[in-house]
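Quick notes on the structure that follows.
All chains are named by letter (A, B, ...) in the order of the sequence lines, taking the proteins before the strands, and each is independently numbered beginning at 1.
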Amino acid sequence: MPERDEFHMGHFETIATDSCCGARRGVLHTAHGPVQTPAFMPVGTAGTIKGVTPDQIEATGTEIILANTYHLMLRPGAEVVERLGGLHRFMAWNRPILTDSGGYQIFSLGELTRINDDGVEFASHVDGARVHLNAETATDIQNRLGADVIMCFDECTPFPAQPEHVRKAVDRTIAWARRCKQAHARDGQLLFGIVQGGIDPALRSRCAEEIVRIGFDGYAIGGLSVGEGHDHMVRTVEHTAALLPADRPRYLMGVGMPADIIAAVRAGVDMFDCVLPTRNGRNAFAFTRQGALRFRNSAHIDSGEPIEADCDCYACRHFTRGAIRHFFNCGEMLGPILLSLHNLRFYQRLMSEIRTQIEEGGFDRWAAAELARGQGVR
RNA sequence: GGGUCGGUGCCCGAGUGGCUAAAGGGAACGGGCUGUAAACCCGUUGGCGUGAGCCUACGUUGGUUCGAAUCCAACCCGGCCCA
């Protein structure tokens, strides 16, 4: 027991902070090794980051990846993953993993859900079967999947939403957080609380206060990047991050565009996850510091340039824009694969630059310039 | 040479008197995607005009009709069958 407490006490260390803003450079220690923060976590919902192999992911500079409770519960089921040796073995990823609780699916699968104070009943998007998820089952499943970081079961509200709806979601998220902490029964596995409250500062304050009072290994800001827009999002993150303990990691869930990430780091956020690099990559959209490139566009037909001139990713080292555009044009799977690789490397290079800037004390000025420059990171 | 079926927009293809600038695919072009129901979804695709609208178009030419992609005739081209 003391061992566990020690693990939980010392799992996050801050290496450097920026004197001009909330940005900090840290390390999150997990059962499968350290994670340099600020960190970006690619999303592998169903137990795989779509289109790329684990060693390719590692080559992008990724240290920690995500998987999803709801999706793995439906297929193949937590028992199967357990029987096959746990999530790390299953995903062939022997580094840190974070599982989301399924709270986001309350938002994304909105029409297929029925929610009450106990939890949620989903009509499975696979076969329509009734599937129940609540604080205890979500925690139990995550315990069994065996990720290094697991999340409380929360209610992610849409935007816009009725104030009453958001208030109720905050109440439930707090009550469920208490139950998740109670149900959590696996050593060496960090449990993060989640703050909801839409874009209402008062609700965010109340939720943050209660979640912090319960006490978690880390704190997430949820319910953003659901349609509220960059400015609302940044304002809410700045307000909320300041209410979270400085000695614990802060995680902004589901965010986001490069500009969103830079603004949130400035507000003191340490961890991010987002489907954009992989989903947009599959959909022919490449991130570059010079701006977005849409590879279906005929402009790239006979371009001999790499996706991004100074990028060291596999796609940029070996393929021309013209070839990649051709792959998309023909529906060849290598197109989505190459842009997923490039976009992941783009995100990890961005995070690496952010960490260096914080270490060297130039982050705030750099961030301001990047945000003003806009294109490429917006 | 005879018979027969057919020729529709970039391609395939529906339509067999007015509701047709012409369904539906494909392709091309453009856009969207933020804790992944997403290698997906949306839009545009004859010309001119802001617009009502006008012009040009369903192999070619001519005809019937108030009105033709749709009916008739001849011709051209293609598939199949018979000599």
Side-chain angles (χ1 to χ4, degrees), chain A residues 40-52 64-72 74-75 98-113 122-128 131 138 142 147 149-159 173 192 194-196 220-230 232-234 237 251-261 263-264 269 271-285 287 292 294-301 324-325 327-340 343 347 378:
Chain A
F40 180 78
M41 310 183 279
V43 181
T45 305
T48 162
I49 293 170
K50 300 185 196 303
V52 292
I64 173 171
I65 61 178
L66 240 72
N68 182 275
T69 301
Y70 167 83
H71 288 276
L72 290 174
L74 288 188
R75 299 184 292 200
L98 180 151
T99 45
D100 184 34
S101 61
Y104 182 73
Q105 276 61 44
I106 297 172
F107 159 73
S108 68
L109 301 175
E111 311 111 67
L112 301 177
T113 65
F122 292 91
S124 158
H125 71 280
V126 178
D127 60 7
V131 181
Q142 291 186 92
V149 182
I150 69 173
M151 302 302 299
C152 283
F153 190 57
D154 65 326
E155 181 181 351
C156 179
T157 43
F159 182 90
T173 296
F192 282 21
I194 304 177
V195 178
Q196 288 289 337
I221 301 170
L224 290 175
S225 61
V226 290
E228 75 282 355
H230 179 83
H232 277 306
M233 193 214 79
V234 173
V237 169
Y251 164 27
L252 177 54
M253 307 186 80
V255 172
M257 288 299 277
D260 299 334
I261 290 176
V269 174
M271 302 165 67
F272 301 88
D273 78 279
C274 192
V275 304
L276 279 174
T278 44
R279 180 189 286 169
N280 280 15
R282 288 195 305 284
N283 294 331
F285 181 109
F287 289 91
R294 279 164 261 266
F295 272 82
R296 278 186 306 263
N297 291 179
S298 56
H300 305 299
I301 285 177
I324 295 168
R325 135 93 198 182
F327 298 149
F328 274 102
N329 204 236
C330 296
E332 284 292 339
M333 58 200 289
L334 196 53
I337 290 169
L338 291 175
L339 286 199
S340 297
N343 286 343
Y347 267 71
R378 182 164 290 161

Reading RNA chain B 5' to 3', what string of ( ), [ ], | and . shows its pairs, if Watson-Crick and G-U wobble pairs count only when both distances fall under 3.5 Å?
((((((((.[[[..)..(.....]]]((((((.......))))))(((....)))...[[[[[..)....]]]]]))))))).

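For B:rG25 and B:rG46, the P atoms lie 16 Å apart once the distance is rounded to whole Å. With both ends at atom P, the span from B:rG24 to B:rU44 equals 11 Å, rounded to whole Å. Between B:rC76 and B:rG26, the distance separating the two C1' atoms is 30 Å to the nearest Å.
If you check B:rA39, B:rG35, B:rA28 against the side chain of A:S101, the one that comes closest is B:rG35. Side-chain proximity of A:E111 to the nucleotides B:rG35, B:rA37, B:rG31 is greatest for B:rA37. Here B:rA37 is the nucleotide among B:rA39, B:rA37, B:rG35 with the atom lying nearest to any side-chain atom of A:L109. Side-chain proximity of A:R294 to B:rG31, B:rU34, B:rG35: nearest is B:rG31. Side-chain atoms of A:R325 lie closest to B:rC29 of the nucleotides B:rG35, B:rA39, B:rC29.
You'll find a donor-acceptor pair under 3.5 Å spanning the side chain of A:D100 and the base of B:rG35, going by distance alone. The base of B:rG30 has none of its N or O atoms less than 3.5 Å from a complementary donor or acceptor on the side chain of A:N297.
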Could you pull out all donor-acceptor pairs under 3.5 Å where a side-chain atom in residues 271-285 of chain A meets a protein atom, sequence neighbours excluded?
from	atom 1	to	atom 2	distance (Å)
A:D273	OD1	A:Y251	OH	2.7
A:D273	OD1	A:G254	N	2.8
A:T278	OG1	A:V275	O	3.1
A:R282	NH1	A:T278	O	3.4
A:N283	ND2	A:R279	O	3.3

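The phosphate of B:rG35 (OP1 or OP2) has no side-chain N or O of A:N68 nearer than 4.0 angstrom. Taking 4.0 angstrom as the limit, A:S108 places a side-chain polar atom (N or O) nearer than this to OP1 or OP2 of B:rA37. At B:rA39, none of the side-chain N or O atoms of A:R279 fall inside 4.0 Å of OP1 or OP2 (strictly under the cut-off). Residue A:T45 places at least one side-chain N or O under 4.0 Å from the OP1 or OP2 atom of B:rU36. When the side-chain nitrogen and oxygen atoms of A:S298 are compared with OP1 and OP2 of B:rG30, one or more of them lie within a distance under 4.0 Å. The side chain of A:Q105 places an N or O atom within less than 4.0 Å of a non-bridging phosphate oxygen (OP1 or OP2) of B:rU36.
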Dump the pairs, protein N or O against N or O of nucleotides 9-11 of chain B, anything under 3.5 Å, distances to one decimal.
none

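A search for side-chain hydrogen bond (donor to acceptor under 3.5 Å, both in side chains) contacts involving A:N343 returns nothing, not counting sequence neighbours. Considering only residues two or more places apart in sequence or on other chains, A:V131 meets the side-chain contact (heavy atoms from CB on, under 4.5 Å) condition with A:M73, A:L74, A:F122, A:S124. Contacts of A:N297 classified as side-chain contact (heavy atoms from CB on, under 4.5 Å), with partners at least two apart in sequence or in another chain: A:R294, A:H300. For A:E155, the side-chain hydrogen bond (donor to acceptor under 3.5 Å, both in side chains) criterion is met by A:H165, A:R172, not counting sequence neighbours. Applying the side-chain hydrogen bond (donor to acceptor under 3.5 Å, both in side chains) rule to A:Y104 yields no partners; only residues at least two apart in sequence or on another chain are considered. Partners of A:T69 by side-chain contact (heavy atoms from CB on, under 4.5 Å), not counting sequence neighbours, listed by chain and number: A:T99, A:I141, A:Q142.
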Could you give me the CA-CA distance, side-chain angles and deciding distance for A:M253 and A:M151, then say whether side chain to side chain contact (heavy atoms under 4.5 Å, CB included) is met?
CA-CA 11 Å; A:M253 307 186 80; A:M151 302 302 299; 3.8 Å; yes

